[in-house]
Amino acid sequence: MSDTLDVVLRLLAVFVVFLVLPLVIGQTEHKVMAHMQGRLGPMYAGGFHGWAQLVADGVKFAQKEDIVPAGADRRVFQLAPAVALLPYLLVLVAIPVGPGNEVGQAVDAGIFFVLAVMGVGVLGSLMAGWASANKFSLLGGLRTAAQLMAYELPMVLAAASVAMAAGTVSLPGIVDAFHWWWVPWQLVGAVVFFVAGLAELQRPPFDMPVADSEIIFGAYTEYTGLRFALFLLSEYAGIVVLCGLTTVLFLGGWHGPFGADGLGWVWTLLKAAVLAFVVIWLRVTYPRLREDQLQKLAWTVLIPLALAQIALTGVVKVVTQ
Amino acid sequence: MTADYFQSYSVVGLLAVVGVLFVAVAFGAGRLLRPVVPTPEKLLTYECGVDPVGEGWAHTQVRYYVYAFLYVIFAVDSIFLFPWATVFAAPGFGGATLVEMFIFLGFLAVGLLYAWKKGVLEWT
């Protein structure tokens, strides 16, 4: 009985995190972007510094008319937002936040599971792009697919490097094996992983698939109301997942600096929050990469770097054995 | 061991069910909340504000198929890294696995160089 209760509580916690943290990041993005650009951002909704802006947005999305274009592939069009969103919920369950049993559900082949499931999310954009029967959406969908193919590889290779360092593919196992000198040792891998993850989420500066000045809004052009809101939610849930994973794989998760491990899961949250801030910062700082520059960065810079990181990891690991 | 295995993935499966329910409830509730006033103009696909020309599923040149090939080859290769990564530094392996690793990386690097030489990685 207590086992069942335990599982229910864990799933509930994961679900609440999945609904709340993306909103927190969204609100932070409003505010941080505004201040970096010398303006205030939302100030009225909710009274205190516009904290309820996203709630208001949500209410607006929920009561907007849902339009499916006459020429669209109706079923696929309607299902696409769910396909884009749900993989991030599933990934969240496997990310450990604290020592011992503080994880939604420890999965043996954690790193493998996480990478595999995250790849599914892109399918949602592809479905949306194809089913909309809109030329711009189709272009956006194709760009999404090309981007996934280019950036999934460096991401997998960088993750493999950590698995080599830890000698396990379980996520809690990797954090358990962490030592502070892993940070400089795996630095290149960490950067490759983070950049490739950003590109997979189609966040600026890698937002060519949704480039608004060029192809309207890519695969999401025809969406309104709730379905559009789910696509937005999936982008922010993706940020949560990416920052959480980078924290767990490369920054030592719940280990604090200088052996200060006492705070446990607070460290994980802090590190992930700092990374989320970096994600927003990059959006404000860099202009969008052109499509060919996108491909070039992945194939000629990130993949060789990831291979070099694997070689470095292997040599250091065997030599220090 | 097997019981653990099935237990962990059934929890993941349960979460998937929760997720599907969430989406279903959201879509169902949305149906009750929103207005439905379709007009022929509204149901046109959007194309810069003018009436769309031709079909939505237009011919596009799929330039990216070479990358699709490249990706499949490299990804299938790199999947094999994971089981190897868990044992390569175990006592008794050491130097031999390291040599293997360099052979493996060599294959990938040669493949990449070949694609480069063939002009696949050039865009301008």
Side-chain angles (χ1 to χ4, degrees), chain A residues 7 11 14-15 62-67 69-71 82 85-86 89-90 93-94 104-108 111-112 132-136 138-139 142 145-146 149-150 152-153 156-157 160 163-164 167-169 216 221-222 225-226 230 292 295-296 299-300 303-304 307 310-311 314-315 317-318 321, chain B residues 5 8-9 11-12 14-16 18-20 22-23 26-27 29-30 33-38 40 42-48 52 55-58 60 62 64 67-68 70-71 74-75 78-79 81-82 85-90 94-95 97-98 101-102 105 108-109 112 115-116 121 123-124:
Chain A
V7 167
L11 290 190
V14 170
F15 193 64
Q63 50 183 330
K64 253 181 119 171
E65 185 175 357
D66 189 55
I67 295 171
L85 180 64
L86 290 185
L89 172 65
L90 288 189
V93 80
Q105 171 63 47
V107 178
D108 282 343
I111 212 173
F112 210 77
S132 296
N134 179 322
K135 299 181 192 75
F136 296 103
L138 185 58
L139 275 178
L142 285 178
M149 279 187 245
E152 181 75 9
L153 195 58
V156 169
L157 290 174
M164 285 163 67
T168 172
V169 287
I216 312 175
T221 302
E222 295 294 344
L226 195 60
L230 289 194
D292 60 320
Q295 294 286 329
K296 192 166 193 141
W299 289 102
T300 64
I303 292 178
L307 291 178
I310 287 183
V315 170
K317 177 91 175 170
V318 169
Q321 200 67 47
Chain B
Y5 180 82
S8 66
Y9 281 101
V11 172
V12 173
L14 207 60
L15 186 65
V18 172
V20 170
F22 163 68
V23 171
F27 284 172
L33 281 172
R34 66 188 178 226
V36 184
V37 201
K42 228 186 256 177
L43 297 181
L44 281 179
T45 43
Y46 182 75
E47 204 165 279
C48 311
E55 265 210 299
W57 288 297
T60 42
V62 186
Y64 300 117
Y67 307 114
L70 268 182
Y71 170 70
F74 281 89
S78 39
I79 289 302
L81 272 175
F82 284 94
T86 58
V87 293
F88 84 107
T97 45
L98 206 56
M101 181 193 77
F102 276 108
L105 291 182
L108 287 189
L112 201 60
W116 207 328
L121 305 183
W123 288 269
T124 43

> In terms of heavy-atom proximity below 4.5 Å to chain A, should B:Leu15 be classed as side chain, backbone, both, or neither?
both
> What heavy-atom pair brings A:Lys64 and B:Pro35 nearest, and what distance separates the two atoms?
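That would be C-CD, 4.4 Å.
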> Check whether A:Thr168 gets within reach of chain B through its side chain, its backbone, both or neither, counting any heavy atom under 4.5 Å.
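Contact with chain B is through the backbone of A:Thr168 alone.
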> Side chain from CB out, backbone as N, CA, C, O: work out which of these in B:Val23 comes under 4.5 Å of a heavy atom of chain A, or both, or neither.
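Looking at B:Val23, just its side chain touches chain A.
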> Select one option (side chain, backbone, both, neither) describing which atoms of A:Ile310 are under 4.5 Å from chain B's heavy atoms.
both
> Tell me the closest heavy-atom pair linking B:Leu105 and A:Ala311, and the distance in Å.
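Taking B:Leu105 first and A:Ala311 second, the nearest heavy atoms are CD1-CB, 3.6 Å.
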> Checking A:Leu226 against chain B: side chain, backbone, both or neither under 4.5 Å from a heavy atom?
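The side chain, not the backbone.
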> Between B:Val37, B:Val18, B:Leu14, which has the largest tally of heavy atom pairs under 4.5 Å with chain A?
B:Val37
> When rounded to the nearest 0.5 angstrom, what is the spacing between CG in B:Leu112 and CG in A:Leu153?
9.0 Å
> Could you check B:Phe22 against A:Leu89 for side-chain contact (heavy atoms from CB on, under 4.5 Å), going step by step and ending with a plain yes or no?
CA-CA 11 Å; B:Phe22 163 68; A:Leu89 172 65; over 6 Å; no
> Taking the side chain as everything from C-beta on, heavy atoms only, tell me whether B:Leu81 gets closer than 4.5 Å to A:Leu157.
yes
> Return the minimal non-hydrogen interatomic distance between B:Tyr71 and A:Trp299, and the atom names on each side.
N-CH2, 4.0 Å
> Nearest heavy-atom pair of A:Phe112 and B:Ile79: which atoms, and what distance?
CZ-CG2, 3.8 Å
> Let's test your reading of the structure: which of B:Trp116, B:Phe82, B:Phe102 forms the most heavy-atom pairs below 4.5 Å with chain A?
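Ranked by contacts with chain A, first place is B:Phe82.
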> Please look at A:Leu86 and chain B and tell me whether the side chain, the backbone, both or neither of the residue comes under 4.5 angstrom of a heavy atom of that chain.
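The answer is the side chain of A:Leu86.
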> A:Glu65 versus chain B, heavy atoms under 4.5 Å apart: side chain, backbone, both or neither?
both
> Please state whether the side chain, the backbone, both or neither of B:Phe27 comes within less than 4.5 Å of a heavy atom of chain A.
both
> On a heavy-atom basis, which atom in B:Ser78 and which in A:Val156 lie closest, and how many Å separate them?
OG-CG1, 4.2 Å
> Sort A:Ile67 into side chain, backbone, both or neither according to what part of it lies under 4.5 angstrom from a heavy atom of chain B.
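Answer is side chain: those atoms of A:Ile67 sit under 4.5 Å from chain B.
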